[in-house]
Amino acid sequence: MAVPKRKMSRSNTRSRRANWKATAVATVACAQCKSPKLPHVACAVCGTYNGRQVIEV
């Protein structure tokens with residue numbers, strides 16, 4: 001098992017952890033109702049996916 005030989009300094013630890021950013025959720029506009037939705041997922045507002053009705057809303 002890999003074990004560090006020396007204690008990592010605060011600045012090195014914090015600069016490494018500075019890259020743990022949360023990214024914003026990517027959304028696209030629905031082709032039918034123009035509301036924001038996740039890509040490759042049926043629209044929760046109108047129930048369409050890829051130009052056809054797949055969910056009764």
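Atom set for the values below is all heavy atoms of this structure, side chains included, hydrogens, waters and symmetry mates excluded. Computed from a predicted structure; not experimentally measured.
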Hits for side-chain contact (heavy atoms from CB on, under 4.5 Å) against Asn12, two or more places apart or cross-chain, chain-then-number order -> Met8, Ser9

Residues clustering with Val45 (ILVMFWY side chains joined when closer than 4.5 Å, directly or via others):
none

Kindly give the cluster partners of Tyr49, where membership spreads through any ILVMFWY side chain lying under 4.5 Å from a current member.
Val54, Ile55, Val57

Residues in side-chain contact (heavy atoms from CB on, under 4.5 Å) contact with Arg10, at least two apart in sequence or another chain:
Arg14

Kindly compute the distance separating CD (Gln53) from SG (Cys43), expressed to the nearest 0.5 Å.
9.5 Å

Under a side-chain separation threshold of 4.5 Å, the hydrophobic residues clustered together with Val25 are Leu38, Val41

Do Thr13 and Arg17 touch side chain to side chain, with heavy atoms closer than 4.5 Å?
yes

With distance as the sole test, does Glu56 use its side chain to make a donor-acceptor pair with the main-chain N or O of Gly47 at under 3.5 Å?
no

Can you find a heavy atom in the side chain of Lys37 that is under 4.5 Å from one in the side chain of Thr27?
no

